[in-house]
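Quantities reported herein were computed from a predicted structural model and do not represent experimental measurements. Heavy-atom basis, side chains included; hydrogens, waters and symmetry copies ignored.
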Amino acid sequence: MYPRLRYLAVALVAAPLILTACADADLDGEDTTTEDASGSDSDSAGDPDQGSASGELGGYEPVSDVDAHARLVLDMCEVNEALPGDGELDDEAVRAAYTEGGSSQRGDGSNRTLQGAATGGHDEPLWNRYAEHFGSDTFADDFVTAALEGTGEFDGEPDGVRRQGIQKGIQNQVLMAHVFHELDAAAAKVQAGETDAAEGAPHNVDEAWAFYHGADPNCAPYATASKRGEDFGTGEAVNESLLAATERMRDAAGEGDQAAFEEAYDEFVSTALVTYVQATIKYGQVMGEDLAGGDQEAARVHQAEGYAFWRVLAPFIAEADAAAAEEIDAVLALTAEPTEGEGDAIRAALEGVYADLGIDEEQVGEFQSS
């Protein structure tokens with residue numbers, strides 16, 4: 001089984017998991033859109049007594065109270081408001097929304113924060129895959145902070161490039177890492193037989209959807225999937241499939257059905273990656289179109305945008321085909337100058353590992369270039 005999908009065989013049997021346990025605002029005509037480092041919200045530490053189940057979130061019916069969790073994406077909305085498409089970037093407002101929050105509180109009155117979600121330090125299969133690939137347990141926060149402060153890869157870059165690193169870094173790298181964390185926390189609880197709706201595995205599944213869709217889906221990864229579906233002629237197929245997979249995980253978690261949970265978990269992870277395959281292909285193509293039209297500045301902005309999306313996908317591609325990952329890095333990383341004619345090469349590199357990701361060409365669709 002491909003390493004991404006073998007959480008039962010490797011993580012839950014060989015060694016128990018250690019549970020340390022937002023929108024598409026148009027900055028450049030494209031889509032724009034966590035928790036404290038002390039551990040997962042899934043253990044309900046510091047949270048009030050679990051009340052009744054939350055209301056519907058984008059068609060999903062939680063079996064536990066995740067209202068406060070869903071409000072975390074409202075801090076992403078605050079980030080978007082401080083990232084105008086033109087004019088000066090409001091660094092302080094972005095920093096406050098990212099590091100201090102204010103939209104989502106724990107039971108003890110402290111804020112959940114987007115930066116907390118990016119620095120969770122979880123010893124879990126999916127989190128570790130990113131940490132190992134990027135050489136840092138704070139891989140998402142490292143990227144966002146560099147973009148916010150204009151350091152590292154973003155040293156000397158204009159506001160338009162930094163905006164993409166901040167926005168796509170938070171909405172996609174940070175929130176998707178946190179979604180994956182909740183899925184692995186749920187997997188560990190299914191293995192341990194913790195099936196209570198309020199605090200067991202079903203609650204973690206509810207949290208995963210709360211962070212994926214949020215109180216305002218326009219500020220969450222959900223919106224990115226909608227945009228890329230529009231770009232590639234696949235509509236809402238990704239979000240619909242993820243909703244169905246989450247529902248199956250919720251039900252299997254409540255029943256303690258490990259096999260059914262594993263199947264739905266695998267489907268969720270594979271399907272979620274489709275969005276970032278689409279985004280990587282798109283921005284490789286758009287960057288080339290910018291250059292063909294003589295717009296070097298736009299090409300650099302779109303390179304940064306593509307790079308931020310690519311980082312969600314990169315560890316999975318590197319495990320399947322290191323050469324393909326290196327080829328894409330060489331085009332999208334900000335250490336490289338934008339170049340023409342790379343869109344087709346990126347798509348070809350990705351198509352070679354679709355089977356390893358558990359996806360196919362029909363799911364990805366065809367980029368509808370403007």
Chemist: If you look at every heavy atom in Val161 and Ala304, which pair is closest and at what distance?
Modeler: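 Smallest interatomic distance, heavy atoms only, reads CG1-CB, 3.6 Å.
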Chemist: Test side-chain contact (heavy atoms from CB on, under 4.5 Å) on Tyr354 and Asp360; report intermediate values, then the result.
Modeler: CA-CA 6 Å; Tyr354 282 178; Asp360 57 38; 5.6 Å; no
Chemist: Would you compute the distance between atom OG of Ser241 and atom CD of Glu267 and round it to the nearest 0.5 angstrom?
Modeler: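 With rounding to 0.5 Å, OG (Ser241) is 6.0 Å from CD (Glu267).
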Chemist: Taking the side chain from Ser270 and the backbone from Ile359, do they hold a donor-acceptor pair closer than 3.5 Å?
Modeler: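 Side chain of Ser270 to backbone of Ile359, a donor-acceptor pair under 3.5 Å: no, none is there.
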Chemist: Between the main-chain N or O of Leu126 and the side-chain N or O of Asp184, is there a donor-acceptor pair closer than 3.5 Å?
Modeler: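 Yes.
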Chemist: Taking the basic N atoms (NZ, or NE/NH1/NH2) and the acidic carboxylate oxygens, is any pair closer than 4.0 Å for Glu100 and Arg95?
Modeler: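 No salt bridge links Glu100 with Arg95.
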Chemist: Quick check, are the ring centers of Trp127 and Phe139 under 6.0 angstrom apart?
Modeler: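 That pair passes the under 6.0 Å test.
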Chemist: Answer whether the closest heavy-atom distance between the side chains of Ile317 and Leu357 falls below 4.5 Å.
Modeler: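 Side-chain contact under 4.5 Å: yes.
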Chemist: Taking atom CD of Gln278 and atom CZ of Arg347, what is their separation to the nearest 0.5 Å?
Modeler: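 One gets 9.0 Å once the value is rounded to the nearest 0.5 Å.
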Chemist: To the nearest 0.5 Å, tell me how far Thr145 OG1 sits from Phe143 CZ.
Modeler: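 Between Thr145 OG1 and Phe143 CZ, I get 11.0 Å after rounding to 0.5 Å.
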Chemist: Taking the side chain as everything from C-beta on, heavy atoms only, tell me whether Asp142 gets closer than 4.5 Å to Phe134.
Modeler: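 No; the side chains remain at least 4.5 Å from each other.
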Chemist: Considering only heavy atoms from C-beta outward, does the side chain of Asp91 approach that of Arg162 to under 4.5 Å?
Modeler: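 Yes, their side chains come closer than 4.5 Å.
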Chemist: Could you go through the salt bridge (Lys or Arg N to Asp or Glu O under 4.0 Å) check for Asp251 and Arg248 one step at a time?
Modeler: CA-CA 5 Å; Asp251 296 345; Arg248 296 205 313 277; over 6 Å; no
Chemist: Write down the atom of Thr119, the atom of Asp141, and the distance for their closest heavy-atom approach.
Modeler: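 The pair with the smallest heavy-atom distance is CG2-CB, 3.6 Å.
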Chemist: Can you find a pair of side-chain heavy atoms, one from Gln105 and one from Ser110, that are under 4.5 Å apart?
Modeler: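 A side-chain contact is absent here, since even the closest heavy-atom pair is not under 4.5 Å.
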Chemist: For Glu149, I'd like to know if atom CD has over 12 heavy atoms of other residues, nucleotides or ligands within 6.0 Å.
Modeler: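 More than 12 within 6.0 Å, yes.
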Chemist: Can a donor-acceptor pair be found, under 3.5 Å and without considering hydrogens, that links the side chain of Gln167 to the backbone of Asn80?
Modeler: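 No: the side chain of Gln167 does not pair with the backbone of Asn80.
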Chemist: Step through it carefully: locate the ring centre of Tyr130, locate the ring centre of Phe316, and say whether they are under 6.0 Å apart.
Modeler: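 Centroid separation for Tyr130 and Phe316: below 6.0 Å.
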Chemist: Quick check: does any side chain N or O of Gln368 sit under 3.5 Å from a backbone N or O of Glu366, one acting as donor and the other as acceptor?
Modeler: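 Yes, because the side chain of Gln368 sits within donor-acceptor range (under 3.5 Å) of the backbone of Glu366.
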Chemist: Evaluate side-chain contact (heavy atoms from CB on, under 4.5 Å) for Thr224 paired with Phe309, printing each intermediate quantity in order.
Modeler: CA-CA 10 Å; Thr224 303; Phe309 285 132; 3.7 Å; yes
Chemist: Can you find a heavy atom in the side chain of Val364 that is under 4.5 Å from one in the side chain of Thr234?
Modeler: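 No, too far: nothing below the 4.5 Å cut-off.
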Chemist: Taking only Lys NZ, Arg NE, NH1 and NH2, and the carboxylate oxygens of Asp or Glu, determine whether Glu157 and Arg300 approach each other closer than 4.0 Å.
Modeler: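 Salt bridge flag = yes for Arg300 with Glu157.
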Chemist: Do side-chain atoms of Gln303 reach the backbone of Val331 as a donor and acceptor pair under 3.5 angstrom?
Modeler: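 Side chain of Gln303 to backbone of Val331, a donor-acceptor pair under 3.5 Å: yes, one is there.
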Chemist: Aromatic ring centroids of His178 and His69 under 6.0 Å?
Modeler: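 They do not qualify: ring centres at least 6.0 Å apart.
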Chemist: Salt bridge check, Lys189 against Glu199: does any charged N sit closer than 4.0 Å to a carboxylate O?
Modeler: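 No, this pair does not count.
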Chemist: Would you sort out whether Leu148 and Phe154 count as a side-chain contact (heavy atoms from CB on, under 4.5 Å), showing the intermediate values?
Modeler: CA-CA 9 Å; Leu148 181 58; Phe154 292 90; over 6 Å; no
Chemist: So if you build clusters from Ile, Leu, Val, Met, Phe, Trp, Tyr with side-chain heavy-atom gaps below 4.5 Å, do Val63 and Phe268 land together?
Modeler: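 Shared cluster, no.
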Chemist: Yes or no on side-chain contact (heavy atoms from CB on, under 4.5 Å) for Thr246 and Arg250, after CA distance, side-chain angles and deciding distance?
Modeler: CA-CA 6 Å; Thr246 307; Arg250 175 200 62 200; 5.6 Å; no
Chemist: So which atom in Thr280 and which in Ile328 form the shortest heavy-atom distance, rounded to 0.1 Å?
Modeler: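 So the minimum-distance heavy-atom pair works out to CG2-CG2, 3.9 Å.
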Chemist: If every non-hydrogen atom of Arg71 is compared with every non-hydrogen atom of Ala215, which pair is closest and at what distance?
Modeler: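 Looking at all heavy atoms of both residues, the shortest contact is CA-CB, 4.1 Å.
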Chemist: Hey, would you say the Tyr307 and Trp310 ring centroids sit under 6.0 Å apart?
Modeler: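 Between Tyr307 and Trp310, the centre distance exceeds or equals 6.0 Å.
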Chemist: Could you tell me whether the side chain of Leu183 reaches within less than 4.5 Å of the side chain of Met249, counting heavy atoms only?
Modeler: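 Met249 reaches Leu183 side chain to side chain.
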Chemist: Is there a side-chain contact between Asn239 and Tyr212 (heavy atoms, below 4.5 Å)?
Modeler: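 Yes. Closest side-chain heavy atoms under 4.5 Å.
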Chemist: Does a donor on one side chain and an acceptor on the other come within less than 3.5 Å for Tyr283 and Glu305?
Modeler: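 There is such a pair between these side chains.
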Chemist: Step by step, would you call Ser369 with Glu289 a side chain to side chain donor-acceptor pair (under 3.5 Å)?
Modeler: CA-CA 9 Å; Ser369 177; Glu289 292 173 357; 2.5 Å; yes
Chemist: What distance do Glu263 atom CD and Asp257 atom CG have between them, rounded to the nearest 0.5 Å?
Modeler: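 Spacing of CD (Glu263) from CG (Asp257) equals 9.5 Å.
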Chemist: Using atom types as modelled and distance alone, determine if a side-chain donor or acceptor of Ser54 lies under 3.5 Å from a backbone N or O of Asp67.
Modeler: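 Checked: pair present.
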Chemist: Can you find a heavy atom in the side chain of Thr113 that is under 4.5 Å from one in the side chain of Asp75?
Modeler: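 A side-chain contact under 4.5 Å is absent here.
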Chemist: Closest approach of Leu291 and Thr339, non-hydrogen atoms and distance?
Modeler: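 Heavy atoms only, the tightest pair is CD1-C, 3.3 Å.
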Chemist: In this structure, are over 12 heavy atoms from other groups packed under 6.0 Å from Glu56 atom CD?
Modeler: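 Yes, CD of Glu56 has more than 12 neighbouring heavy atoms, counting only those of other groups under 6.0 Å.
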Chemist: How many angstroms lie between CD in Glu327 and CG in Leu332, if you round to the nearest 0.5 Å?
Modeler: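 Between Glu327 CD and Leu332 CG, I get 10.5 Å after rounding to 0.5 Å.
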Chemist: Checking the side chain of Asp206 only, and the main-chain atoms of Ser64 only, is there a donor and an acceptor separated by less than 3.5 Å?
Modeler: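 Between the backbone of Ser64 and the side chain of Asp206 there is a qualifying donor-acceptor contact (under 3.5 Å).
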Chemist: Kindly give the heavy-atom pair with the smallest separation between Asp216 and Cys77, and that separation in Å.
Modeler: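 Of all heavy-atom pairs spanning Asp216 and Cys77, the closest is OD2-SG, 3.6 Å.
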Chemist: Please check: side-chain N/O of Trp209 versus main-chain N/O of Leu57, any donor-acceptor pairing under 3.5 Å?
Modeler: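 Checked: pair present.
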Chemist: Could you tell me the separation between the CD atom of Glu361 and the CG atom of Leu350, rounded to the nearest 0.5 Å?
Modeler: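 Rounded to the nearest 0.5 Å, the CD-CG separation comes to 11.5 Å.
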